[in-house]
Structures are given as C-alpha cells and as structure tokens.
Amino acid sequence: MTRTVATKPYDDQKPGTSGLRKKVPVFQQENYVENFIQSVFDSLDGFQGQTLVIGGDGRYFNREVIQIALRMAAANGFGKVMVGQGGILSTPAASNIIRKYQAFGGLVLSASHNPGGPHEDFGIKYNASNGGPAPEKLTDRIYARTKVIDSYRIAEFADVNIDKVGTFEAGGMTIEVIDPVADYAALMESLFDFAAIRAMFAGGFTMAFDAMHAVTGPYAVEILEKRLGAAKGTVRNFVPLPDFGGHHPDPNLVHAKDLYDLMMSGKAPDFGAASDGDGDRNLIIGRGIFVTPSDSLAMLAANAHYAPGYAEGLKGIARSMPTSGAADRVAQKLGIGMYETPTGWKFFGNLLDAGMATICGEESAGTGSDHVREKDGLWAVLLWLNILAARKEPVKAIVEKHWAEFGRNYYSRHDYEGVETERANALISGLRAQLTSLPAKSFVGLTVENADDFSYLDPVDHSTSSNQGIRVLFEGGSRVVFRLSGTGTSGATLRVYIERYEPDAAKHGIETQEALADLIAAAEEIAGIKAATGMDVPTVIT
Ligand code: G16
C-alpha cells in the first residue's frame with residue numbers, strides 16, 4: 001500500500017558543492033529525509049518503471065535512510081532498485097553501477113571525508129543517468145522544490161534485508177541487493193595492467209593502504225591483496241565502521257598522519273596511499289615524498305599511456321580552478337585541451353560526456369577519469385601502481401624528473417574551519433569590493449597583475465556559474481585564491497589556495513610553506529584573514 005503524507009518544507013535543504021550535507025540530528029528531524037528525497041523525485045521526469053541505484057559509505061544513519069528511500073522509490077513508481085549489500089557502495093562504484101546497468105540515476109548516501117556518528121555528518125546526493133552528480137540546474141530545481149513541498153509518497157512494507165545478495169519484490173518494485181565490489185573490481189581490471197602490477201608485488205614491492213575504517217576497505221582488500229597479490233596486511237583499517245573508528249576519514253597529512261609518518265620513516269614501504277569515507281578521494285605518498293593532489297593529477301596525465309585503458313592517449317584534461325596549473329603544462333606538451341572548472345566534480349560531467357576530457361582532478365585529493373563520473377580514490381592508486389610497474393622507478397624519481405621537465409608548482413591550501421558565517425561572508429565581500437583596485441598594487445614585494453571572481457561558461461551546455469572564488473593573480477604567475485567551502489556542516493570554512501610556479505630545477509628542493517611564505521603574507525595583507533576569522537593560524541594545512 002502507498003500513502004501520501006502531508007509535510008512542511010524546511011528552508012535549509014540547498015545542495016552544496018556535493019549534495020545535501022548536514023549533521024545527523026538535522027536529518028533525523030521529522031520528514032527531513034523524506035522531504036529531500038521526494039523533492040529529488042519531483043524534479044526528475046520519466047523514471048516510471050526505471051532503475052534507481054542506492055548505496056552509501058556505511059556511516060551512521062545509512063541503513064535507516066536506505067529503508068526510507070526504498071519505500072519512497074516504490075511509492076513513486078521506480079520499477080527496480082539496485083542496492084549495495086549492507087547498504088555499501090563507494091561513490092565511484094555507485095557511479096559505475098548506474099552506468100553499467102543503465103539505471104535512471106542513483107542516491108549516494110555519504111558525507112565523504114567528514115566524521116560519522118550520531119552527532120556527526122550525513123549526506124544525500126542524487127546522481128544522474130551518466131553516473132555523475134546532478135548538474136547545477138538540477139540541484140537548483142531540487143532546492144526550489146524543497147521550499148514548497150507539501151507531501152511525499154511512501155509505500156508501506158517492513159524493512160527489507162539488505163545484507164544478503166539476491167532479488168525480491170517489495171511494494172510492487174524489484175529490489176536487487178548486489179555485491180558492492182565485483183563490478184568495480186572488474187572495471188579496474190579492464191583499465192590497468194594487473195599482470196604487471198602483480199609481478200611487481202611478487203618481486204618484493206611493498207605498500208601500505210589506509211582505508212581509514214571507511215568504504216574502500218572491502219574494495220582494497222579484494223583488489224590489492226586478493227587480485228594483485230599484495231602482502232596480507234597491506235590494507236589497514238579495512239573494516240568500514242559507522243563512526244570510522246572516531247576519526248575523520250580524510251586522507252590528508254593531518255588525518256592520515258600515521259601513514260605519512262610511516263612513509264617518511266626508515267621503515268617506509270615503497271608506496272603509501274589512503275582513501276576517504278566514500279572512496280572518491282586519494283592520498284599518494286612515495287617513500288620519503290608526499291605527492292600533492294595537483295602534482296598527482298599532472299603526473300598521472302603525463303604517464304597515463306602506461307596503462308592499457310589509456311594507451312591511446314588522452315582527449316583532454318580538466319581541473320578545478322583552485323587546483324594548481326601543473327596539469328596545464330602536461331596538456332600543453334601533449335597538445336590536448338585543458339579545461340578549468342569551478343570546484344566540485346559535477347562540473348566535469350559535461351566535459352567527460354562530450355569526450356573533451358579523459359582525466360580530471362581537484363586539489364582536494366580528487367582524481368578520476370571518464371571510466372565513471374565521480375572522482376575515484378582506488379583508481380588513482382591503481383594508475384600510480386601501473387605507472388610504477390611500467391617505469392620501474394621509485395615515486396620520488398618520477399616526481400623529481402617530472403618537475404625537472406615541467407617545472408614545479410609549489411602549492412598549499414590553508415583552511416580556517418568553524419568561522420562565524422557572517423564574518424566569513426564579510427571577508428569575501430570585502431575582497432570582492434577590492435577587485436578593481438587591486439591590479440598594479442604591491443604586497444610583500446609582489447605586484448598584482450589581475451584580480452577577479454571566477455566565473456565559468458560551460459563549453460557544452462553554455463550555462464554560466466558565477467562567484468566561484470576570488471583569484472588574485474600576481475606578476476610572474478603566482479596566485480592566491482579565496483573561497484568558502486560548500487560542504488561544511490557547521491559555521492563557515494575559508495579556504496585559501498596558494499601557488500607559485502618555479503621553472504628552475506635548482507630551486508625545487510625548498511620546503512613548501514617556505515617557498516610560499518611571501519604569498520601567504522600577501523594573502524593576509526590583502527584579506528585580513530587573522531582579524532576576520534579571529535585565528536592566527538589555519539586549522540588545516542594541506
Ligand atoms: C570540497 C572540495 C572540492 C570537492 C568537494 C566534494 O568542496 O574543495 O574540491 O569537490 O569537497 O568532495 P567530497 O565529495 O570528497 O567531499 P568545498 O566546497 O568544501 O571546498
């Protein structure tokens with residue numbers, strides 16, 4: 001039986017950079033989940049009888065929302081739902097399932113690298129039939145719907161067993177519980193030279209992969225240890241936990257510090273890597289060297305031809321605006337297109353669908369390709385492994401040779417978390433007000449060449465996205481970018497992105513913060529960060 005239930009709108013259901021993310025108690029408010037899911041369904045056309053994919057990163061509240069989503073999908077007329085066993089699907093695996101089985105779309109339940117638990121974060125994101133996050137025009141429509149919604153539809157059936165693979169009927173709809181790993185592992189096997197990587201491990205190559213008690217555990221154990229023969233124990237923290245063991249499942253130098261320390265120690269294996277809550281981000285560390293995500297994008301693009309899936313070359317490269325320009329030089333050398341998009345993977349979808357880009361990346365530890373429409377943590381790790389197996393050189397040598405050939409983009413991001421929203425907004429409007437007067441002014445000996453608020457004209461659908469980050473470009477190609485996070489769940493997070501290009505190989509050995517010190521001081525002079533945030537130092541430096 002299906003019921004139509006009266007409800008009242010909530011005014012805070014605007015999807016951010018990557019879907020709707022809030023604290024669990026916010027999602028637990030009466031009808032909060034139902035309102036959002038119904039608003040998603042109300043914003044779509046033509047899904048009657050079609051397939052919906054549902055899966056999440058296993059965090060607290062995942063199972064409850066899956067049961068609600070199943071009942072609502074049935075009541076709204078979906079013909080079938082494919083759901084990951086135990087409610088688990090990494091974000092890239094969900095994207096793959098949508099594409100492979102030609103589903104109408106999917107609900108991806110995750111708050112990514114944010115902590116999980118009864119008082120931590122949860123999220124719901126809708127992905128379209130290309131497997132990618134809903135584009136802005138759809139998220140705008142969903143948000144508009146959340147503001148006026150007055151009822152939702154839900155079927156009445158008991159909780160279904162999502163822990164056993166199999167197919168059954170409920171509420172007039174087919175539910176297929178699928179193995180979350182099998183299709184994804186097969187996809188990886190089709191892209192990379194597993195035989196060469198297996199031979200490398202058999203020859204004594206060592207690795208540490210930190211799954212951070214998040215979703216990639218089962219994927220990494222299956223692929224790295226079982227299929228590629230990495231030693232047992234290569235994958236650490238591989239059991240997904242609803243609260244990620246109380247940690248931030250964020251693969252950066254702060255939250256994956258144990259791995260970083262190991263990689264810098266005398267006991268370091270050849271290669272270190274980690275992924276985040278939902279499996280779309282990656283951290284790459286060679287023995288004695290951290291590879292920044294921006295550099296990793298450039299190096300993966302420059303070496304992708306070593307992997308069978310990319311042997312024919314790349315169509316183009318895309319990066320988010322705050323990501324360093326390292327990949328631009330690779331695109332230039334390869335003679336392929338380079339696209340600079342706003343922050344958020346949803347902006348890559350059109351370029352990938354149109355065959356304009358093959359590899360995409362963001363400075364926030366996201367890299368991926370046209371194999372799915374999400375960034376993909378394990379994919380990046382496997383491409384690195386494939387390159388290492390083919391080149392038979394350590395990570396450090398590959399990185400240093402790359403810098404010697406292309407120059408080095410020193411890069412760092414300074415985050416100021418938990419800033420009062422009004423103060424953060426005031427800082428950004430203060431910067432906006434200065435844009436026209438900044439050019440030709442000097443700060444800490446650096447002269448501003450240009451300053452703007454990044455605006456993106458999508459070359460495929462010709463839509464424009466404005467106000468995507470304040471850029472201050474200095475003479476000589478250095479820059480500082482300021483923007484507010486669109487994924488936070490409490491207060492505001494100011495992100496300051498700092499970049500300097502250094503062509504001279506003799507100057508490639510400087511410590512990053514030191515190499516950027518004058519730019520960091522200039523950013524402070526221009527924006528008055530300390531006064532606006534009340535903080536003397538950033539909360540996170542990546
Ligand atoms: C942050 C990053 C973006 C990324 C987004 C979503 O957004 O800066 O580059 O696309 O998270 O990534 P994930 O799904 O892994 O959380 P923001 O708006 O907080 O800067």
Side-chain angles (χ1 to χ4, degrees), residues 14-22 56-57 59 90-92 94-95 108-116 120-127 132-136 139 212 214-216 244 248-252 255 274-283 292-294 296-297 318-324 340-349 360-368 372-380 411-419 424 428 454 456 465 467-470 481-497 538-540 542:
K14 185 174 169 50
T17 312
S18 189
L20 184 69
R21 290 189 190 165
K22 301 281 175 194
D57 61 12
R59 69 178 56 229
S90 78
T91 294
S95 181
V108 181
L109 310 176
S110 169
S112 191
H113 51 290
N114 290 359
E120 299 296 352
D121 292 7
F122 191 76
I124 305 180
K125 184 172 69 156
Y126 177 72
N127 281 27
E136 252 191 354
T139 55
M212 306 189 90
V215 80
T216 42
F244 308 114
H248 284 237
D250 191 351
N252 63 24
H255 298 297
S275 190
D276 70 332
D278 60 331
D280 57 1
R281 296 187 176 203
N282 70 84
L283 170 69
T292 70
S294 295
S296 180
L297 170 67
R319 63 163 172 85
S320 67
M321 178 275 283
T323 303
S324 96
E340 188 179 30
T341 61
T343 297
W345 208 262
K346 60 186 174 219
F347 293 102
F348 295 134
C360 307
E362 295 192 274
E363 54 66 44
S364 52
T367 339
V372 289
R373 293 294 180 272
E374 289 279 3
K375 53 187 182 273
D376 188 344
L378 265 174
W379 170 90
Y411 188 85
S412 185
R413 188 178 92 190
H414 290 193
D415 287 346
Y416 297 80
E417 298 168 313
V419 182
I428 294 291
F454 182 62
Y456 178 62
S465 302
N467 302 332
Q468 296 295 326
I470 307 286
V481 174
F482 303 85
R483 62 177 282 282
L484 299 183
S485 158
T487 57
T489 56
S490 52
T493 295
L494 170 70
R495 302 202 196 283
V496 186
Y497 309 82
T539 44
V540 177
T542 54

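Start at 1 and go down the list; that is how both ligands and their atoms are numbered.
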Close side-chain approach of [X] and [Y], heavy atoms under 4.5 Å:
X    : Y    : result
F348 : E362 : yes
P133 : E374 : yes
R413 : P322 : no

T542 OG1 to D415 CG distance, which is reported to the nearest 0.5 Å =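 So the OG1 of T542 and the CG of D415 are separated by 6.0 Å.
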
For [X] and [Y], work out which heavy atoms get closest and say how close.
X    : Y    : value
F244 : P249 : CD1-CG, 3.5 Å
S112 : R59  : O-NH2, 2.7 Å
A424 : L484 : CB-CD2, 3.9 Å

salt_bridge(E363, R495) N-O dist < 4.0 Å =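 Salt bridge between E363 and R495, a charged N being under 4.0 Å from a carboxylate O: no.
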
For the pair E340 and R319, find out whether any cationic side-chain nitrogen is under 4.0 Å from an anionic carboxylate oxygen.
->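 Looking at R319 together with E340, the answer is yes, because their closest N to O distance falls below 4.0 Å.
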
Numbering as shown, the atoms of ligand 1 that approach [X] to under 4.0 Å (heavy-atom distance):
X    : result
G486 : 17 (P), 18 (O), 19 (O)
T17  : 5 (C), 7 (O), 17 (P), 18 (O)
R495 : 8 (O), 17 (P), 19 (O), 20 (O)
D280 : 14 (O), 15 (O)
S112 : 13 (P), 14 (O), 15 (O), 16 (O)

In terms of residue, atom name and distance, what is the protein heavy atom nearest to atom 4 (C) of ligand 1?
->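 Looking only at protein heavy atoms, the one closest to atom 4 (C) of ligand 1 is E362 OE1, 3.5 Å.
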
For atom 2 (C) of ligand 1, what's the nearest protein heavy atom and its distance?
->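 The closest one turns out to be S364 OG, 3.5 Å.
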
Taking the minimum heavy-atom distance to atom 14 (O) of ligand 1, which of R21, E374, H113 ranks first?
->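 Minimum heavy-atom distance to atom 14 (O) of ligand 1 goes to R21.
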
State if K375 counts as touching ligand 1 under the rule of any non-hydrogen atom under 4.0 Å.
->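 Contact present.
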
Heavy atom of G344, distance to ligand 1 below 4.0 Å =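 Yes; G344 lies near enough to ligand 1 that a heavy-atom distance drops under 4.0 Å.
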
Counting only nitrogen or oxygen atoms and a 3.5 angstrom limit, does [X] reach ligand 1?
X    : result
Y497 : no
L484 : no
R281 : yes

Region of D278 that comes within reach of ligand 1 [heavy atoms, distance under 4.0 Å] =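 Near ligand 1, D278 shows nothing, with every heavy atom at 4.0 Å or more.
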
Where does T343 meet ligand 1, judged by heavy-atom distances below 4.0 Å: at the side chain, the backbone, both, or neither?
->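 For T343, only side-chain atoms sit under 4.0 Å from ligand 1.
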
Take the angle between the ring planes of Y456 and F347 and call it parallel below 30°, perpendicular above 60°, tilted in between.
->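 Y456 and F347: perpendicular rings.
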
